[in-house]
4 protein chains.
Amino acid sequence: MGKKEVPSLVKDEKLIQRRREEMVKAAVSLFKENGFHRTTTREIAKASGFSIGTLYEYIRSKEDILYLVCDSIYDGVKLRLQQDINGEDSGIQGVERAIAAYFKVMDDMQDEVLVMYQEAKSLSHEALPYVLKKELEMTAIFEELLFKVVKQGELHLSENEIPAAAHNIVILGQMWTFRRWALQKIYTLEEYTQLQLQQLLYGIKGA
Amino acid sequence: MGKKEVPSLVKDEKLIQRRREEMVKAAVSLFKENGFHRTTTREIAKASGFSIGTLYEYIRSKEDILYLVCDSIYDGVKLRLQQDINGEDSGIQGVERAIAAYFKVMDDMQDEVLVMYQEAKSLSHEALPYVLKKELEMTAIFEELLFKVVKQGELHLSENEIPAAAHNIVILGQMWTFRRWALQKIYTLEEYTQLQLQQLLYGIKGA
Amino acid sequence: MGKKEVPSLVKDEKLIQRRREEMVKAAVSLFKENGFHRTTTREIAKASGFSIGTLYEYIRSKEDILYLVCDSIYDGVKLRLQQDINGEDSGIQGVERAIAAYFKVMDDMQDEVLVMYQEAKSLSHEALPYVLKKELEMTAIFEELLFKVVKQGELHLSENEIPAAAHNIVILGQMWTFRRWALQKIYTLEEYTQLQLQQLLYGIKGA
Amino acid sequence: MGKKEVPSLVKDEKLIQRRREEMVKAAVSLFKENGFHRTTTREIAKASGFSIGTLYEYIRSKEDILYLVCDSIYDGVKLRLQQDINGEDSGIQGVERAIAAYFKVMDDMQDEVLVMYQEAKSLSHEALPYVLKKELEMTAIFEELLFKVVKQGELHLSENEIPAAAHNIVILGQMWTFRRWALQKIYTLEEYTQLQLQQLLYGIKGA
DNA sequence: GATGAATGAGTGTTCATTCAT
DNA sequence: TATGAATGAACACTCATTCAT
């Protein structure tokens with residue numbers, strides 16, 4: 001399904017998956033603390049409980065780890081998002097609930113979100129598109145949601161307004177984490193969510 | 001006025017300023033291309049037409065360059081913004097015009113904005129606050145603008161809605177650059193500006 | 001026993017010891033020729049048959065090498081000294097023999113002694129005390145020897161004369177190496193030893 | 001009289017001498033603190049109140065400064081020594097007084113002595129002999145003194161004992177400074193002088 | 001499959017020295 | 001004579017990656 005293959009010297013697929021999970025977990029924690037460039041492969045190996053040799057049995061390069069990390073975080077976010085949105089009531093209320101759920105996910109996964117947004121740019125030209133694609137997929141979730149509600153007649157957005165609106169939702173959620181140094185000082189998550197719902201739906205003039 | 005002093009071995013202040021400008025210019029271009037960490041001081045020296053020794057006559061460390069770069073970009077953005085907003089008509093129309101002007105600046109300075117947002121995090125704990133402060137100052141410009149219009153009675157925002165709205169404006173402008181890979185494929189700047197103005201003012205439901 | 005630990009990235013203790021011995025040997029030779037500051041880590045690596053990377057697997061810094069060098073030299077001197085003095089006849093004759101043995105060691109280890117005396121001062125404030133302590137221990141060997149003979153009644157030194165006498169012995173031995181440019185031109189080791197024994201025991205007036 | 005010429009770009013000899021004195025003074029102080037290698041020419045220039053350009057008008061290289069420093073210190077030591085010894089009473093008492101005076105000079109000029117002994121080795125092969133020669137001249141002062149007293153019949157040293165004795169005197173004086181970390185903790189200068197006079201004249205057995 | 005010692009190109013930074021003004 | 005900006009060779013040290021065991 002469009003995922004980038006990361007080759008491994010090891011054959012056992014189950015083992016690969018298990019080991020990589022541990023590596024990714026250690027890497028996220030280290031990247032969060034020191035960033036991708038300041039984190040050494042030795043540190044990642046040590047933090048995940050492997051020797052440096054073993055680490056390189058499961059990846060080809062340091063960048064592979066970054067890709068795996070980004071990939072894993074996206075999967076995590078998307079998984080939680082789909083769970084939370086799933087089967088929700090439709091209409092405007094459904095949109096509101098989805099946004100609130102998304103904001104909650106962003107809040108819960110702050111460290112991961114931060115890592116992804118600060119380090120993804122270090123991916124090579126080869127790997128970057130895969131990650132960008134995931135980002136688009138996430139935006140598409142909200143596009144579809146909006147589209148559905150437009151179709152239901154509860155919303156009157158023209159076709160080219162929908163992508164912009166979806167991007168706005170996605171970014172406003174991420175902003176909660178990457179502007180935490182400002183926003184989380186003046187708002188709680190609940191306040192922030194309420195405020196942004198209000199402004200997203202009705203604008204600053206709309207009320 | 002709260003700027004971080006970057007010491008130089010050279011005494012001539014005019015010369016320092018001139019040389020640093022050239023260095024910053026070269027650095028922005030390189031950082032944009034390869035990122036801060038992948039850019040070497042030698043490359044910066046060469047690209048700005050100096051020897052590595054001369055580079056270090058004007059800065060103490062590689063990080064100083066990053067700080068200078070961020071500092072310079074903020075000054076550039078703010079300068080242009082204040083020029084463009086200055087003396088504008090008041091009321092909602094003034095806000096709209098300011099936002100459009102801001103979006104235009106973001107569009108014109110895409111490379112710089114990108115560098116700032118992707119590399120600022122590499123600043124040391126000592127330098128980061130200075131940059132964050134500048135970011136807040138930029139947000140404050142819009143806060144004040146909104147506050148004025150609220151006072152004029154043309155806008156009905158409560159006090160704690162204003163910061164959120166200002167952050168939204170700032171971020172939506174930056175989003176035009178750091179999501180260029182998606183947005184600039186489907187919108188022109190003018191379309192994007194119109195769309196975002198509409199949604200900022202009236203929301204997706206508001207119309 | 002009060003030694004400074006020098007950490008290594010390599011785990012195999014035996015290997016560490018073996019490799020470091022080779023490095024120290026190469027370093028002594030280079031330090032003797034060009035001094036600590038004029039010797040580069042690359043030269044040390046090359047002379048000991050390793051890559052620069054490998055060198056740094058076994059030490060943390062250039063200064064570590066200097067410490068290791070000093071440490072190793074002291075151990076060497078002390079070891080030989082204790083072997084040569086061990087089980088010797090007592091009384092004045094024992095002292096004479098010990099001094100002669102010590103002078104012989106100084107003569108045999110001229111390069112090392114020279115390095116130690118000329119470069120130890122380049123040790124950091126952290127490492128210096130460890131080296132000074134070793135020097136004191138060497139002095140203490142002669143203090144004890146003298147003390148024993150005083151107790152035996154063959155020597156009539158007051159308590160505060162003993163340290164001075166011990167320092168004199170130590171220095172006069174080292175002088176043979178660090179004033180080689182003068183002394184070794186006019187004396188053989190044997191002559192020097194005889195002369196100094198005479199003067200140490202009876203003074204210039206005493207005969 | 002056997003001095004090494006250090007060329008200068010400046011013609012005025014008086015000026016050269018005056019400027020160099022200031023440079024040497026600053027350099028001694030810096031060398032004492034940080035050693036020759038850790039002291040930069042810029043620091044020396046600054047500390048002596050000149051620009052780096054001016055510094056190089058009066059010397060050709062950093063090493064020239066070291067030579068000038070050593071030279072100046074030797075001159076200082078010798079000058080004071082000759083003043084203090086001059087016209088003294090003859091015989092053994094004259095020797096004793098000379099030694100005590102020499103020890104006093106060493107004590108007064110500790111910093112300079114230390115610099116000379118720790119940094120002289122950094123002189124090039126070209127300059128070193130000049131400094132060694134000075135050291136020999138100092139030894140010769142005591143050789144002559146001893147020779148005179150032997151001739152007077154108050155001392156019975158054979159011809160080849162005299163150089164050794166003179167070297168011993170010189171070194172024991174220097175030892176007071178370069179073993180200060182041990183000796184100056186247990187003796188005052190007066191105690192040390194008395195002790196060493198006793199041992200020099202009568203030895204440890206002689207009394 | 002696992003280990004960890006070995007590698008060396010590459011990095012930020014320093015500093016003695018020069019030379020145009 | 002005096003200045004100080006410019007230079008670049010040289011340095012200590014790092015770290016992703018390999019490969020023999």
Side-chain angles (χ1 to χ4, degrees), chain A residues 8-12 15-16 19 37-46 49-65, chain B residues 8-12 15-16 19 37-46 49-65, chain C residues 8-12 15-16 19 37-46 49-65, chain D residues 8-12 15-16 19 37-46 49-65:
Chain A
S8 164
L9 294 176
V10 176
K11 304 288 171 209
D12 185 339
L15 198 55
I16 293 177
R19 295 272 195 264
H37 282 104
R38 286 198 225 282
T39 301
T40 69
T41 51
R42 267 179 163 102
E43 285 170 337
I44 298 171
K46 188 167 190 183
F50 304 114
S51 69
I52 185 66
T54 300
L55 186 78
Y56 273 88
E57 296 276 315
Y58 293 90
I59 51 143
R60 286 166 314 169
S61 68
K62 190 184 174 189
E63 209 212 285
D64 276 353
I65 303 178
Chain B
S8 165
L9 292 177
V10 174
K11 297 179 175 178
D12 186 337
L15 197 55
I16 292 177
R19 294 277 188 264
H37 283 104
R38 284 199 225 280
T39 302
T40 68
T41 51
R42 275 179 171 81
E43 285 169 338
I44 298 171
K46 190 168 189 182
F50 305 112
S51 69
I52 184 64
T54 299
L55 184 78
Y56 274 90
E57 293 272 307
Y58 292 90
I59 52 144
R60 287 166 312 171
S61 67
K62 190 184 175 189
E63 209 213 288
D64 275 353
I65 304 178
Chain C
S8 164
L9 292 177
V10 173
K11 297 180 176 178
D12 186 336
L15 198 55
I16 293 177
R19 293 276 189 265
H37 283 105
R38 284 200 223 282
T39 302
T40 69
T41 51
R42 271 181 166 83
E43 284 170 339
I44 298 171
K46 192 168 189 183
F50 304 112
S51 68
I52 185 65
T54 299
L55 184 79
Y56 275 90
E57 293 271 306
Y58 292 90
I59 50 139
R60 286 167 311 170
S61 67
K62 192 184 173 189
E63 208 213 287
D64 275 354
I65 305 179
Chain D
S8 164
L9 293 176
V10 176
K11 302 290 170 209
D12 185 339
L15 197 55
I16 293 178
R19 295 272 195 264
H37 282 104
R38 287 199 224 280
T39 302
T40 69
T41 51
R42 267 179 163 100
E43 285 169 338
I44 297 170
K46 188 167 189 183
F50 305 114
S51 68
I52 185 65
T54 300
L55 186 80
Y56 273 87
E57 296 277 316
Y58 293 90
I59 52 143
R60 285 167 314 168
S61 69
K62 191 185 175 190
E63 210 214 284
D64 275 353
I65 304 178

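Below, chains carry the letters A, B, ... as their sequence lines are ordered, and counting in each starts from 1. What's counted below: heavy atoms across the whole structure, side chains too, no hydrogens, waters or symmetry copies.
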Identify, residue by residue, the members of residues 54-63 of chain D with a heavy atom below 4.0 Å from DNA chain E, and return them in order of residue number, or none.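 Heavy-atom cutoff 4.0 Å gives Y56(D), S61(D), K62(D).
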
Runs of at least three consecutive Watson-Crick or G-U pairs, both distances under 3.5 Å, are what I'm after; which ones involve DNA chain E?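 Correct response: E:2-21 with F:2-21.
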
Round to a whole Å and report the spacing from [atom1] of [X] to [atom2] of [N].
X	N	atom1	atom2	result
K46(A)	dC15(F)	NZ	P	14 Å
R38(B)	dC15(F)	CZ	C1'	14 Å
I52(D)	dT7(F)	CD1	P	17 Å
K11(B)	dT3(F)	NZ	C1'	8 Å

Do [X] and [Y] have side chains that approach each other closer than 4.5 Å (heavy atoms only, starting at C-beta)?
X	Y	result
L55(A)	I65(A)	yes
R19(D)	V10(D)	no
R42(D)	L9(B)	yes
T41(A)	Y56(A)	yes

Between R42(D) and T39(A), which is nearer to the 5' end of DNA chain F once each is assigned its nearest nucleotide?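 Per heavy-atom nearest nucleotide, the more 5' residue is R42(D).
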
Once you apply a heavy-atom cut-off of 4.0 Å, does T41(D) come out as touching a base, just sugar-phosphate, or nothing?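 Here T41(D) touches the bases of the nucleic acid.
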
Assign S8(D) to base, sugar-phosphate, or nothing according to its heavy-atom contacts below 4.0 angstrom with the strands shown. nothing

For side chain to side chain contact (heavy atoms under 4.5 Å, CB included), just list the numbers for Y58(D) and D64(D), CA-CA rounded to whole Å, side-chain angles, deciding distance to a tenth of an Å, and then say yes or no. CA-CA 9 Å; Y58(D) 293 90; D64(D) 275 353; over 6 Å; no

Nucleotides bounding contact with chain D, strand DNA chain E, heavy-atom threshold 4.0 Å: dC15(E) to dT18(E)

Measure from the side-chain N and O atoms of S8(B) to the backbone N and O of E57(B), and report whether any donor-acceptor pair falls under 3.5 Å. yes

First of T40(B) and S51(A) reached from the 5' end of DNA chain E, by closest nucleotide: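 Looking at the nearest nucleotide for each, S51(A) comes out on the 5' side.
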
Quick check: on DNA chain E, is the nucleotide nearest L15(A) upstream (toward 5') of the one nearest F50(C), or the reverse? Name the residue that is more 5'.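 It is L15(A), whose closest nucleotide lies nearer the 5' terminus.
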
Identify the two heavy atoms, one from H37(D) and one from K62(D), that lie closest to each other, and give their separation to 0.1 Å. O-NZ, 3.7 Å

